[in-house]
Amino acid sequence: MSAHTRTARGIARGGRWLLTGLFLLVVVAIVVHSIPALVGAEASYVVLSGSMHPTMDAGDVVFVYQTDPATIEAGDVVTYMRASDNIPVTHRVIEVVGTGTEPAFVTKGDANEDIDPGTVAASNVIGVVPAVTIPSVGELVFVLPEFGRVILVVQTPIGFGALIALPMLGFLTLELRDILRNRKRASDAAESATTDREGTVEATADTLVGSTHALESEELEPAADDVTLAPGDLNVATLVLVVFAGYAVFVANLLRTAPTVTAAVAVTGCAVIALSIKYGLFAVEPAQTDEEALPALPGETAPSSTWPSEAVGPSLPGIDRRNW
């Protein structure tokens with residue numbers, strides 16, 4: 001194999017894994033944003049401004065958990081619905097005012113100098129953003145950094161085409177090329193094998209007939225537990241799974257319901273497994289070929305993996321072939 005061929009194959013394999021990673025990134029972003037209940041959250045939002053820097057930045061995905069307003073304390077990060085325009089805002093509580101079952105909260109962005117105008121009623125609070133304080137590190141809130149940028153891009157027609165349609169087109173092109181290439185290789189190999197065996201067909205005809213009668217006289221049971229997947233079948237299956245994965249992600253992004261997102265995750269996972277097997281990430285034991293399954297014919301030797309004592313040949317009186 002030439003250096004040019006190895007380089008071309010390396011580039012092709014790297015391109016496939018790049019497309020796979022990009023596709024998975026989009027799927028993960030859609031899943032976590034569409035169904036926050038998968039992580040036990042009440043809701044999830046994309047941060048649009050830097051008012052809470054450095055706790056969270058624009059482009060992060062924030063997860064909000066429903067909490068009893070009476071348990072909210074100063075220092076908690078809450079998401080509330082602004083009464084004036086019904087826009088969700090995530091800021092920090094700096095003071096709790098009022099008592100009883102209807103407390104109110106004074107909020108402020110970590111990067112803002114002034115507090116938010118007015119107070120936030122308990123009925124407008126959506127939930128609390130979980131946070132943990134680590135010594136020498138500081139406070140960490142439950143967010144997915146930068147994933148929101150992917151979600152915002154996917155929600156636009158151009159972005160969806162760039163992150164979904166283009167990777168799908170790349171997959172289809174590469175898989176179709178592999179299918180056509182494998183068919184050509186199989187055809188060439190069959191023609192070569194036919195040419196090589198034409199000179200020996202007449203010489204072994206009688207032996208083959210005798211062996212056929214011997215095999216027909218035996219009761220052969222098929223191996224019901226064996227499943228064989230030819231390379232061509234794997235190519236077609238991978239191609240179909242990739243197409244359905246793209247369609248499932250499109251529907252999940254459009255409807256954003258639990259069944260559609262679950263289907264998108266399942267089909268995408270199957271497509272990734274098929275791609276991993278196809279390109280050697282998972283080792284699959286090759287199926288036994290017909291030549292290995294059939295007994296050797298008289299005058300032929302057993303495969304190279306067998307011991308000499310198992311070779312087919314005449315036995316000599318008084319000589320133990322195991323000692324050869």
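A quick note: this is a predicted structure, and the numbers were derived from the prediction, not measured.
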Shared ILVMFWY cluster between Met81 and Val46, side chains joined below 4.5 angstrom?
no
Shared hydrophobic cluster for Val106 and Val77 (ILVMFWY, side-chain gaps under 4.5 Å): no
Shortest non-hydrogen pair, Phe105 vs Ala122, comes out as CE1-CA, 4.1 Å
task: For Glu146, look at atom CD and say whether over 12 heavy atoms of other residues, nucleotides or ligands are found less than 6.0 Å away.
output: yes
Parallel under 30°, tilted from 30 to 60°, perpendicular over 60°: which one fits the rings of His91 and Tyr80?
perpendicular
Practice task
Salt-bridge test for Arg82 and Asp85: reply yes if a basic N is under 4.0 Å from a carboxylate O, no otherwise.
Solution key: yes
Determine whether the side chains of Asn112 and Ser51 contain a donor N or O and an acceptor N or O closer than 3.5 Å. no
In this structure, CG of Asp116 is separated from OG1 of Thr107 (nearest 0.5 Å) by 3.5 Å
- [ ] Could you tell me whether the side chain of Ile151 reaches within less than 4.5 Å of the side chain of Val61, counting heavy atoms only?
- [x] yes
Q) When you look at Val89 and Thr79, which way does the side-chain contact (heavy atoms from CB on, under 4.5 Å) test go after all the steps? A) CA-CA 5 Å; Val89 178; Thr79 297; over 6 Å; no
Between Val143 and Pro145, the two heavy atoms sitting closest are O-CD, 3.5 Å
4.5 Å side-chain heavy-atom contact, Val39 and Tyr65: yes
Tell me, do Thr55 and Arg92 make a side-chain contact under 4.5 Å, heavy atoms counted?
yes
Output for pair (Thr268 OG1, Ile273 CD1), nearest 0.5 Å, gives 11.0 Å
Val64, Val120: one ILVMFWY side-chain cluster at the under-4.5 Å cut-off?
no
Open item on the list: Using side-chain heavy atoms (C-beta onward) and a distance below 4.5 Å, is Met56 in contact with Val141?
Closed with: yes
* **hydrophobic_cluster_shared for Phe147 and Val62, side chain cutoff 4.5 Å** => no
The reported gap from OG1 in Thr67 to CG in Asp76 (rounded to nearest 0.5 angstrom) is 8.0 Å
Open item on the list: Assess, by modelled atom type and distance only, whether the side chains of Asp60 and Tyr45 contain a donor and an acceptor separated by less than 3.5 Å.
Closed with: no
* Asked: Are side-chain heavy atoms of Ile72 and Val125 found at a separation under 4.5 Å?
  -> yes
Nearest heavy-atom contact between Ile126 and Pro88 is CD1-CB, 4.4 Å
Residue set satisfying side chain to side chain contact (heavy atoms under 4.5 Å, CB included) with Leu140, at least two apart, ordered chain then number -> Val132, Ile134, Val137
- Pairwise side-chain contact, Val129 with Thr90, heavy-atom cut-off 4.5 Å (strictly under): yes
Sorted by chain and residue number, the side chain to side chain contact (heavy atoms under 4.5 Å, CB included) partners of Ala263 (sequence neighbours excluded) come out as none
(request) Check for a donor-acceptor pair, side chain of Asp188 on one end and backbone N or O of Arg185 on the other, with a separation under 3.5 Å. (result) no
task: Using a strict cut-off of less than 4.0 Å between a Lys/Arg side-chain nitrogen and an Asp/Glu carboxylate oxygen, indicate whether Glu95 and Lys108 qualify as a salt bridge.
output: no
Heavy-atom nearest pair, Pro69 first then Pro103, reads O-CG, 3.9 Å
